[in-house]
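Just below is one structure, and these are the notes that go with it.
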Amino acid sequence: NMFFARDLSRFLSLAYAKKYEQTKDAIWRGKEISLLEKKIKNGVDAEAFARLGELYEEKKLLSDAEKLYIAAINADPKNELRYYYELASMESVSDKKISPKLREKIVALLGEYSVALRENRHITVITENPLYAEKLYELLGMKKELQEFDKIWIEEVMKFGRMYGAPAHL
């Protein structure tokens, strides 16, 4: 029952977002925000924190969005590079500069992630993480590291394709 409740709120959030996208009726955005605000009061769900952060950022509630992205990172510090990207890109736009503390944390995480990708831990090559790692390297202006990362990513995609018979253009 716990999984159903978690998944139900996730699917409702997606449904509200889709209805808003289709109709542009603010009632759907409001329903999604209300659902997510209730969800984060009742537990720790990194995905809910991050999605609510996106919605608050959209509403220009940047301080609240930042807190939510940080909460998402704290709830799931290694599995979703997207949370770091959302926070860093918001900081770089609002302050024109990513804080040194966040930059240091991201650089260390990217180093760890490159090793995880090379080993294809948890089949990470088919997640969104390589894409967000690439975006983070670009955002941080780390061109040399980005080139090295892209070589690893391409190599792992090719290996994955050979191993599982999947197309190499995942």
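- Side-chain atoms of D45 come within 3.5 Å of backbone atoms of A48 as a donor-acceptor pair (strictly under, hydrogens ignored).
- Here the CG-OH distance, from L110 to Y113, works out to 10.0 Å after rounding to the nearest 0.5 Å.
- More than 12 non-hydrogen atoms from other residues, nucleotides or ligands lie less than 6.0 angstrom from CD of E155.
- No continuous path of hydrophobic side-chain contacts links I27 to L52 [ILVMFWY only; heavy atoms under 4.5 Å].
- In this structure, the side chain of T23 engages the main chain of K19 through a donor-acceptor pair within 3.5 Å.
- When all heavy atoms of V125 and P130 are compared, the closest pair comes out as O-CG, 4.1 Å.
- Note that OG of S9 is 7.5 Å distant from CG of L36, once rounded to the nearest 0.5 Å.
- Legend: residues meeting salt bridge (Lys or Arg N to Asp or Glu O under 4.0 Å) with K151, ordered by chain and number and at least two apart, are E148.
- Shown here are the salt bridge (Lys or Arg N to Asp or Glu O under 4.0 Å) partners of R121, two or more places apart in sequence or in another chain: E119.
- Under the 4.5 Å side-chain heavy-atom criterion for grouping Ile, Leu, Val, Met, Phe, Trp and Tyr, I33 is connected to L61 within one hydrophobic cluster.
- Between E80 and Y83, some side-chain heavy-atom pair lies under the 4.5 Å cut-off.
- Of all the heavy atoms in A65 and G53, the pair that sits closest is CB-O, 3.3 Å.
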Derivation and outcome, side-chain contact (heavy atoms from CB on, under 4.5 Å), residues D76 and F49: CA-CA 10 Å; D76 192 1; F49 286 130; over 6 Å; no
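- The minimum heavy-atom distance linking A88 with L102 is given by the pair CA-CD2, 3.9 Å.
- Taken together through direct or relayed side-chain contacts under 4.5 Å among Ile, Leu, Val, Met, Phe, Trp and Tyr, L68 and V44 form part of one hydrophobic cluster.
- Counting heavy atoms from C-beta outward, I70 and N74 have side chains that approach closer than 4.5 Å.
- Of the inter-residue distances, the one linking D150 atom CG with I154 atom CD1 reads 6.0 Å to the nearest 0.5 angstrom.
- Hydrophobic clustering keeps W153 apart from V115 (ILVMFWY residues linked when any side-chain heavy atoms are closer than 4.5 Å, directly or through intermediates).
- Distance alone, capped at 3.5 Å, is enough to place a donor-acceptor pair between the Y84 side chain and the P77 backbone.
- Residues in residues 52-63 take part in these side-chain hydrogen bond (donor to acceptor under 3.5 Å, both in side chains) pairs, two or more places apart or across chains: R29-E58, E37-Y56, R51-E54, E54-R82, E57-Y69.
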Give every donor-acceptor pair under 3.5 Å between a side-chain atom in residues 11-18 and any protein atom, sequence neighbours left out.
from	atom 1	to	atom 2	distance (Å)
S13	OG	E32	OE2	2.9
K18	NZ	E21	OE2	3.3

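- Taking CE of M90 as the reference point, atom CD of E66 lies at 4.5 Å (rounded to 0.5 Å).
- By the criterion of side-chain heavy atoms lying less than 4.5 angstrom apart, applied directly or through intervening Ile, Leu, Val, Met, Phe, Trp or Tyr residues, I73 is grouped together with V107 in one hydrophobic cluster.
- By the 4.0 Å N-to-carboxylate-O rule, E156 lies too far from R118 to be salt-bridged with it.
- Applying the side chain to side chain donor-acceptor pair (under 3.5 Å) test to R103 and every residue at least two apart in sequence or in another chain returns nothing.
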side-chain contact (heavy atoms from CB on, under 4.5 Å) evaluation trace for L117 with F149: CA-CA 9 Å; L117 180 62; F149 178 81; 3.5 Å; yes
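- Between the side chain of N129 and the backbone N or O of T124, no donor-acceptor pair lies under 3.5 Å.
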May I have the list of side-chain donor-acceptor pairs in residues 134-147 shorter than 3.5 Å, sequence neighbours left out?
from	atom 1	to	atom 2	distance (Å)
Y137	OH	S114	OG	3.3

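- Between I126 atom CD1 and Y164 atom OH the span is 9.0 Å, to the nearest 0.5 Å.
- Residue E91 holds its CD atom at 11.0 Å from CG of L62, rounded to the nearest 0.5 Å.
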